[in-house]
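No hydrogens, no waters, no symmetry mates; every other heavy atom, side chains included, goes into these values. Note that ligands are numbered from 1 as they come in the structure, with each ligand's atoms numbered from 1 the same way.
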Amino acid sequence: MARVTVTDTPPEATDLAAERLAEAITAGRREGRPVNVSLAGGSTPRASYERLASVVDDWEGVELWLGDERLVPLDHPESNYRMLAETLLERTGAVAHAVPTDGSAEQAAAAYAREIRQRVPAGPDGVPALDLALLGLGEDGHTASLFPNAPPLDVRGEICVAVHDAPKPPPDRVSLTLDVLRAAHQSLILAVGDEKASAVAGVLAGPDPGVPASLLADGPLELIIDRAAARELPVSATRTA
Ligand code: 6PG
């Protein structure tokens, strides 16, 4: 069952998400192994990555992946890689695996999947198992680039999937599949603001392909949300940070 942590303000939520990322990195380092983390795109996690840049100073053995990417050049204002570079990579020694966006979405999905298959250890079900998947939440309940009732959500047996006609522009994207997101040892959805309250309630209302993020709620999921995004939840469903 999903754990819900509510903070008073958005900055406290984004800082807490950064703390969870730092904890996952420390845990992997303590075990003397590489740590594989996928990171959300969009705008909410910007502050988390900026915070992370100030709390982690040793990036040796940390493999950063993108949970999804828009099919635009890596220096395009809409690129998730560019956002990550501005907020984290250019401020630290961290490096991230960019999605090769110079070809088709199908070519990008296949290439990124090959790289993940090579570098991310598989779990017992043969699916690459990330240490942590940090995800955002759209107002429609999408996460990564898995949109409501869209075919990419149903793809099984694959690591990445090409996305076209995304309701959130840009239309062409690449996303980790639901299989991979569900195989992560920890998944973390970060959402703040009143406009996310309905989607947050949808995540906890039971599995529904119309709310893709709800398909993660039966696994090791923590929702980190601020009070505004928690507005539609019963108090009993939440824990205050
Ligand atoms: C993307 C994101 C997407 C995002 C949500 C929330 O590439 O657009 O990965 O899944 O996390 O749409 O976006 P905001 O944080 O900007 O609200």
Is R51 paired with E19 through a side-chain N to carboxylate O contact shorter than 4.0 Å? no
Table please: side-chain donor-acceptor pairs of residues 201-209 below 3.5 Å, with sequence neighbours left out.
unit_1	atom_1	unit_2	atom_2	d
D208	OD1	G210	N	2.6

For a quick test of your reading: what N or O donor-acceptor pairs under 3.5 Å do the side chains of residues 182-190 make, sequence neighbours left out?
unit_1	atom_1	unit_2	atom_2	d
R182	NH1	L215	O	2.4
R182	NH1	D218	OD1	2.8
R182	NH2	D218	OD2	3.2
S187	OG	P220	O	3.4

Could you tell me how the ring of H97 sits relative to the ring of W65: parallel (under 30°), tilted (30 to 60°) or perpendicular (over 60°)? parallel
Determine, for R119 against E63, whether the closest basic-nitrogen to carboxylate-oxygen distance falls under 4.0 angstrom. yes
Below 4.0 Å from ligand 1: does a non-hydrogen atom of K196 turn up there or not? yes
Between E86 and R46 (salt bridge meaning N to carboxylate O under 4.0 Å), is one present in this structure? yes
Tell me whether S145 has any N or O atom under 3.5 angstrom from an N or O of ligand 1. no
Which protein non-hydrogen atom lies closest to atom 15 (O) of ligand 1, naming both residue and atom, and how far is it? T44 OG1, 2.6 Å
min-distance protein heavy atom vs atom 13 (O) of ligand 1 -> K168 NZ, 3.2 Å
From atom 7 (O) of ligand 1, work out which of E195, R70, E139 has a heavy atom at the shortest distance. R70
Which protein non-hydrogen atom lies closest to atom 5 (C) of ligand 1, naming both residue and atom, and how far is it? H142 NE2, 3.4 Å
Which heavy atom of the protein is the closest neighbour of atom 6 (C) of ligand 1, given with residue, atom name and distance? L137 O, 3.5 Å
For atom 10 (O) of ligand 1, closest protein heavy-atom neighbour: A144 O, 2.6 Å
Of all protein heavy atoms, the one nearest atom 11 (O) of ligand 1 is G136 CA, 3.4 Å
For atom 16 (O) of ligand 1, the closest protein heavy atom turns out to be S43 OG, 2.6 Å
What atoms of ligand 1 come closer than 4.0 angstrom to any heavy atom of G42? 1 (C), 2 (C), 16 (O)
Would you check, one step at a time, whether the test salt bridge (charged side-chain N to carboxylate O under 4.0 Å, His left out) holds for R33 with D131? CA-CA 11 Å; R33 59 175 176 76; D131 291 273; 2.8 Å; yes
Backbone of S104 reached by a side-chain donor or acceptor of Q107 within 3.5 Å: yes
Is E69 close enough to touch ligand 1? Criterion: a residue heavy atom under 4.0 Å from a ligand atom. no
the protein heavy atom lying closest to atom 2 (C) of ligand 1 turns out to be D68 OD2, 3.5 Å
D75 bridged to R82 by N-O distance under 4.0 Å: no
